[in-house]
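Everything quoted here is computed from the prediction, not taken from an experiment. Heavy-atom basis, side chains included; hydrogens, waters and symmetry copies ignored.
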Amino acid sequence: MKTYRVRVVFESDEDGWFASCPALEKWEQLSWGQSREEAYKTVVRDLEITLACMIESGVPIPEEPEASDSLDENHVLVTVQPKMKPSKKAASRKAYRFRVEMEPDEDVWFVRCPALERYGAATWGETQEEARQHIQEVLSMVLETMLEEGISIPIEPEDASLEGECLVVTI
């Protein structure tokens, strides 16, 4: 398995630490943790999944050079080895990217996918991470059902001005 280097940017606010990968913005959702260490662990796990999906789908993965002049305490190079190997089924699998919107409400987080909400793509979780995991599962089920029933899957516009984060689902 190949190892990939990606630059991760860390930012903090009153809610905790956020980690993002500028080179993978269109594929990678924002990772979060209450501490920087937790955000680091979360972004590495998220990157492993995202990179594995990209490999499965045949999407080229941009890599950072060995040395980068723009690194400081909030920019680090993370070395990631995807946990999945490309399978023989990779040619028949496809990655779909969808925007999701997440909102807190009292003690839970609601999350929905506007493009697929009419097919049931909405759920919740007690934490942001749990809500994100749940919507990922719901999106997989919705897409599998749509494919089985011959329903065409809408393509999300790549408009950076749209609010929400993007998730990648590989079917």
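Under the side chain to side chain contact (heavy atoms under 4.5 Å, CB included) rule, Thr123 has a single partner from His134, Arg112, Gln133, which is His134.
The nearest pair of heavy atoms linking Glu126 to Trp109 is O-CD1, 3.9 Å. Nearest approach of Val142 to Gly120, heavy atoms of both residues: CG2-C, 4.4 Å. Summarising the geometry of Ala19 relative to Val43, their closest heavy-atom pair is CB-CB, 3.8 Å, with the distance given to 0.1 Å. The nearest pair of heavy atoms linking Ala115 to Pro154 is O-CG, 3.9 Å. Summarising the geometry of Tyr119 relative to Met146, their closest heavy-atom pair is CE1-CE, 3.8 Å, with the distance given to 0.1 Å.
Within 6.0 Å of CD in Glu144 there are more than 12 heavy atoms belonging to other residues, nucleotides or ligands. Other residues, nucleotides and ligands place no more than 12 heavy atoms under 6.0 Å from the CD atom of Gln34.
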side-chain contact (heavy atoms from CB on, under 4.5 Å) between Leu143 and Leu116, intermediate numbers included: CA-CA 9 Å; Leu143 290 173; Leu116 298 174; 3.9 Å; yes
Candidate pair Arg99 and Glu101, rule salt bridge (Lys or Arg N to Asp or Glu O under 4.0 Å), full reasoning: CA-CA 7 Å; Arg99 183 176 55 86; Glu101 296 174 352; 2.6 Å; yes
Intermediate values then yes/no, side-chain contact (heavy atoms from CB on, under 4.5 Å), Phe10 and Tyr40: CA-CA 8 Å; Phe10 290 93; Tyr40 180 86; 3.7 Å; yes
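Hydrophobic clustering, with ILVMFWY side chains joined whenever heavy atoms are under 4.5 angstrom apart, keeps Phe110 apart from Leu167. By the criterion of side-chain heavy atoms lying less than 4.5 angstrom apart, applied directly or through intervening Ile, Leu, Val, Met, Phe, Trp or Tyr residues, Trp124 is not grouped with Ile135; the two fall into different hydrophobic clusters. There is no path of hydrophobic side-chain contacts, each under 4.5 Å, that joins Val108 to Val138.
Distance CZ/Phe98 to CG/Leu139: 7.0 Å, rounded to 0.5 Å.
With Gln136 contributing its side chain and Arg132 its backbone, the two residues share no donor-acceptor pair below 3.5 Å.
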